[in-house]
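Comments concern the structure below.
Throughout, residue positions are numbered sequentially from 1 according to the sequence presented. As a basis for the values below, the full set of heavy atoms in this structure was taken, side chains included, without hydrogen atoms, waters or symmetry mates. Computed from a predicted structure; not experimentally measured.
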Amino acid sequence: MSFLCPLTARRALVDAALALLAACAALTQFLPPLAEATLDSTPRALAAGLMVALALPLHCWFVGLAARRLGGRAIGWVGLAALLFPVGGAAALLLLAGQLRVQPPHVAAAAR
């Protein structure tokens with residue numbers, strides 16, 4: 001069953017982008033300038049680890065949801081996003097966003 005729903009696909013893409021941003025922000029806590037301070041503080045390391053553990057699956061979930069809403073198969077897009085993280089996640093978002101159909105303002109207003 002394939003259906004095209006650009007509004008909900010757009011929402012899923014925005015949510016996937018926010019989850020990607022949160023995961024990248026949490027991963028920066030483990031990079032060399034901040035790694036020592038993060039690993040010395042147990043709450044900070046735990047918070048960053050939990051954020052990565054929650055944001056990465058959410059990002060993949062929303063990428064798959066957007067792909068399904070745009071009429072595609074989710075497995076390839078989720079694979080791209082997960083295996084090549086974070087560059088693959090950003091690439092999947094850009095490619096899926098390119099598939100959104102832009103409606104003229106008078107058509108979008110009539111659809112509401």
Residue pair Ala9 / Ala66: nearest heavy atoms and the distance that separates them: O-CB, 4.0 Å

Connected hydrophobic set around Met51, excluding itself, where side chains approach under 4.5 Å: none

Rounded distance (nearest 0.5 Å) linking atom CZ of Arg10 with atom CZ of Arg69: 13.5 Å

Rounded distance (nearest 0.5 Å) linking atom CZ of Phe85 with atom SG of Cys60: 8.0 Å

Connected hydrophobic set around Leu50, excluding itself, where side chains approach under 4.5 Å: Leu46

Least distance between heavy atoms, Trp77 atom then Leu96 atom: CE2-CD2, 3.7 Å

Same apolar cluster (I L V M F W Y, side chains within < 4.5 Å links), Val78/Leu93: no

Least distance between heavy atoms, Ala74 atom then Arg68 atom: CB-CG, 3.9 Å

Run the side-chain donor-acceptor check on residues 13-21: report pairs under 3.5 Å with partners two or more places apart or on a different chain.
none

Members sharing Trp61's hydrophobic cluster (side chains within less than 4.5 Å): Leu58, Phe62, Leu65

Cut-off 3.5 Å, no hydrogens considered: what does the side-chain donor-acceptor table look like for residues 23-35, sequence neighbours left out?
from  : atom 1 : to    : atom 2 : distance (Å)
Thr28 : OG1    : Ala25 : O      : 2.5
Gln29 : OE1    : Arg44 : NE     : 3.1
Gln29 : OE1    : Arg44 : NH2    : 2.8

